[in-house]
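First comes the structure, then the notes that go with it.
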2 protein chains.
Amino acid sequence: MTAAQTPRRGPRERMVFGAAQLIRRDGVASTGMREVAAYAQAPRGSLQHYFPGGKEQLVNEAVGWAGSYAGNRIDRFLAALPTPTPGGLFAEMVRQWTDEYETAGFAGGCPVAAATVDCAESTASTREAVAAAFRTWNGSVARALADMGVPEERAGVLATLMIGALEGAILIARAERDVRALTNVSRELGPLLDGAVHKSGD
Amino acid sequence: MTAAQTPRRGPRERMVFGAAQLIRRDGVASTGMREVAAYAQAPRGSLQHYFPGGKEQLVNEAVGWAGSYAGNRIDRFLAALPTPTPGGLFAEMVRQWTDEYETAGFAGGCPVAAATVDCAESTASTREAVAAAFRTWNGSVARALADMGVPEERAGVLATLMIGALEGAILIARAERDVRALTNVSRELGPLLDGAVHKSGD
DNA sequence: CCCCGACTATGACAGTGGTCATAGTAGCCC
DNA sequence: GGGCTACTATGACCACTGTCATAGTCGGGG
């Protein structure tokens, strides 16, 4: 999961990836450009070369990367599920985090959430990047739900519920250093989500 | 809701309150001590007098204040509800945020969430303060649910679900500058919460 | 060989942060 | 009044940030 473990990518992509990693751990403001370069094992001089827009551009790209990653992840979860159900998908989304927290500790949260908290009011372009990331993510989840038989108009709403509940649970889990909030939310929401399937006549 | 509007309190409390306000808007790292003093209309020299522990202490007290505030708020919501139900309480919790966002704009989020994102990994004492704040808040909600007839062992779990879903929805609403996520989560979770009442034989 | 573009390498700069040191004021008690 | 405590006031310090300027390296095409 660290940048050093994926040296195959070019330095530019490593820096975007590394920025996302550092942001989700320390927040946007506490993540320095020099730190990103060092973490990505990239030369400091490359920062201004690849990101002439400065930190703002780097952060926005990191957020965009995180949004795409989350979206793609949904498709992979779907493919891995033997019999896809909304609750099963949500359980997989949650499990990604419980797995990380149990094996790697509670160091990091969601980079999109971090960027929202730190930049929503101060940096307009980053706020838009965050909104776009949530949109991408939400779109993937909604599409997955629709494929499972959830009516179109409810798929988007439930996708937002899933993402929101997950983000909140991540927050609480990190604060408490306990995955309890994550497992709770998965168990409680599972039946509700499954109940939304195929009830078009509701 | 601003510090300037509540000049009755002493300077120390104004600074704690003001810190919470600034943190929830810009995050912990982007909130300066000088800025807090100016915002609270308190002398800069008082910072080191009242908070010898520095910024860490100020932030921790701000987080603690926010936790108590959120907890007390629950009791007031309960008192205001004609016929208290879990879903009704949750709707009130959500409405506090939709009201703020519709009248005052999307400038601020939850200070506890901001402190979690910015300090969970870097500052141990703040992480504990955040955990305590969530514990306080969760305790108030759980007690309210229990009073409404939710079995004790489920009250705590559902309280965490409510707080988590609310926090996540706040995040998304701020990113999108739209209360949609908040209203969605309230509508979707309401029936689920109400269904938990009085089912001790479940 | 030389030029040129892509990329790297550093040093400097101006701004800001939290914190400390020091001095000053106000009010109360003896 | 003297002295003590609570609080205020300000300037300085040092670490650090994002950004820029400048120069260097390297590889390929003319």
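Fair warning: this is a prediction, and the values are worked out from it, not measured in the lab. Lettering of chains follows the sequences in order, A, B, ..., and the numbering in each one begins at 1.
Applying the side chain to side chain donor-acceptor pair (under 3.5 Å) criterion to B:R44, with sequence neighbours excluded, gives no partner residue. Applying the side chain to side chain contact (heavy atoms under 4.5 Å, CB included) rule to A:E56 yields the partners A:N60, A:T123, A:S125, A:T126; only residues at least two apart in sequence or on another chain are considered.
Rounded to whole Å, the distance from CG on A:L47 to C1' on D:dC20 is 13 Å. Following rounding to the nearest Å, B:L22 (CG) and C:dG17 (P) show an atom-to-atom distance of 12 Å. In this structure, B:Q41 atom CD and D:dT8 atom P are separated by 14 Å, rounded to whole Å. Rounding to whole angstrom units, CZ of residue A:R12 and P of C:dA6 are separated by 14 Å. The CE-P distance, from A:M15 to C:dC7, rounds to 10 Å in whole Å. Between B:Y50 atom OH and D:dC7 atom C1' the separation is 6 Å, expressed in whole Å.
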Can you give each donor-acceptor pair under 3.5 Å made by side-chain atoms of residues 47-54 of chain B, sequence neighbours left out, with the distance rounded to 0.1 Å?
none

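In plain terms, the two heavy atoms of B:D194 and B:G87 that are nearest each other are OD1-N, 2.8 Å. Heavy atoms only, all atoms of each residue included: B:F90 and B:A165 are closest at CZ-CB, 4.3 Å. Heavy atoms only, all atoms of each residue included: A:M148 and A:V197 are closest at O-CG1, 3.3 Å. In plain terms, the two heavy atoms of B:V63 and B:A129 that are nearest each other are CG1-O, 3.6 Å. Nearest heavy atoms, B:E152 versus B:A146: OE2-CB, 4.0 Å.
Using a 30° and 60° split on the angle between ring planes, B:W65 and B:Y69 fall in the parallel class, below 30°.
Near DNA chain D, meaning a heavy atom under 4.0 Å away, there are no residues from residues 114-123 of chain A. The stretch residues 51-62 of chain A comes close to DNA chain D through A:G54, A:K55, each having a heavy atom under 4.0 Å from the strand. Using a 4.0 Å cutoff on non-hydrogen atoms, the parts of residues 25-34 of chain B near DNA chain C are B:T31, B:G32, B:M33, B:R34, ordered by number.
Relative to the side chain of A:R44, the nucleotides C:dT8, C:dA12, C:dC20 differ in distance, and C:dA12 lies closest. Of the listed nucleotides (C:dT10, C:dA21, C:dC7), C:dA21 has the atom at the smallest distance from the side chain of B:Q48.
Using modelled atom types, one side-chain atom of B:T136 and one backbone atom of B:A132 make a donor-acceptor pair closer than 3.5 Å. A:N138 places a side-chain N or O within donor-acceptor distance of the main-chain N or O of A:T160, the cut-off being under 3.5 Å.
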